[in-house]
Amino acid sequence: MLSALERARLRLGQQRLEERRHRAELDLARQYALLRTVLDSSDAAICALDLERRYTVLNRAYAMLVKGLYGSEVSPGRQLEEGLAGAPGD
């Protein structure tokens with residue numbers, strides 16, 4: 001059985017952890033927004049794939065390039081091959 005002091009210390013520790021988690025989530029959201037702004041403001045076509053050849057991130061220039069060349073819509077989570085279906089030689 002915990003004493004009143006121990007319970008108060010435990011609650012305080014939990015509050016501090018929750019505050020740190022909240023700050024980390026806000027920092028992550030700010031970093032993601034900055035990354036998204038940088039990617040989308042670039043004229044270069046940029047994408048990243050995971051080990052299973054799924055898009056993890058892409059910018060508007062890349063999406064427009066694929067749409068123009070292959071008539072395909074690409075988005076995170078889709079396979080690279082889906083976006084390039086209809087490529088010359090298919």
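Model, not experiment: these values are computed from the prediction.
Listed here is the closest heavy atom pair of M1 and E6: O-OE1, 4.3 Å. Across V74 and G83, no two heavy atoms sit closer than the pair CG1-CA, 3.5 Å.
The cluster map of Ile, Leu, Val, Met, Phe, Trp and Tyr, joined by side-chain heavy atoms under 4.5 Å apart, puts V38 and M64 in different clusters. In the hydrophobic clustering of ILVMFWY residues, with side-chain heavy atoms under 4.5 Å counting as a link, Y55 and I46 come out apart. Cluster annotation: Y32 is not connected to L39 through the hydrophobic network of ILVMFWY side chains, with a link wherever side-chain heavy atoms come within less than 4.5 Å.
Between atom OG of residue S75 and atom CZ of residue R54 there is a gap of 12.0 Å, rounded to the nearest 0.5 Å. Taken to the nearest 0.5 Å, the CG atom of L65 stands 7.5 Å off from the OH atom of Y70. Between L10 atom CG and Q15 atom CD the span is 10.0 Å, to the nearest 0.5 Å. To the nearest 0.5 Å, atom CZ of residue R20 and atom CZ of residue R23 are 7.5 Å apart. Separating the CZ atom in R30 from the CG atom in L35 is a distance of 15.5 Å, to the nearest 0.5 Å. L49 contributes atom CG, which lies 13.0 Å from atom CZ of R78 (distance to the nearest 0.5 angstrom).
Look at E18 and R21 and you find a salt bridge, because one of the NZ, NE, NH1 or NH2 atoms lies within 4.0 Å of a carboxylate O, short of that distance.
Contact annotation: the side chain of R9 approaches that of L5 to within less than 4.5 Å [non-hydrogen atoms, C-beta and beyond]. Side-chain contact between P76 and V57: absent, with no pair of heavy atoms (C-beta onward) separated by less than 4.5 Å.
A distance-only check finds no donor-acceptor pair linking the side chain of E73 to the backbone of V66 [under 3.5 Å]. Remark: side-chain polar atoms of R53 are not paired, donor with acceptor, to backbone N or O of L80 under 3.5 angstrom. In terms of modelled atom types and a separation under 3.5 Å, the side chain of N59 and the main chain of A44 share a donor-acceptor contact. Formation of a donor-acceptor pair under 3.5 Å by the S72 side chain with backbone atoms of L84 is not found in this model.
By the side-chain contact (heavy atoms from CB on, under 4.5 Å) test, A8 pairs with R11, sequence neighbours left out.
Counting heavy atoms of neighbouring residues, nucleotides and ligands inside a 6.0 Å radius, atom CG of D27 exceeds 12 of them.
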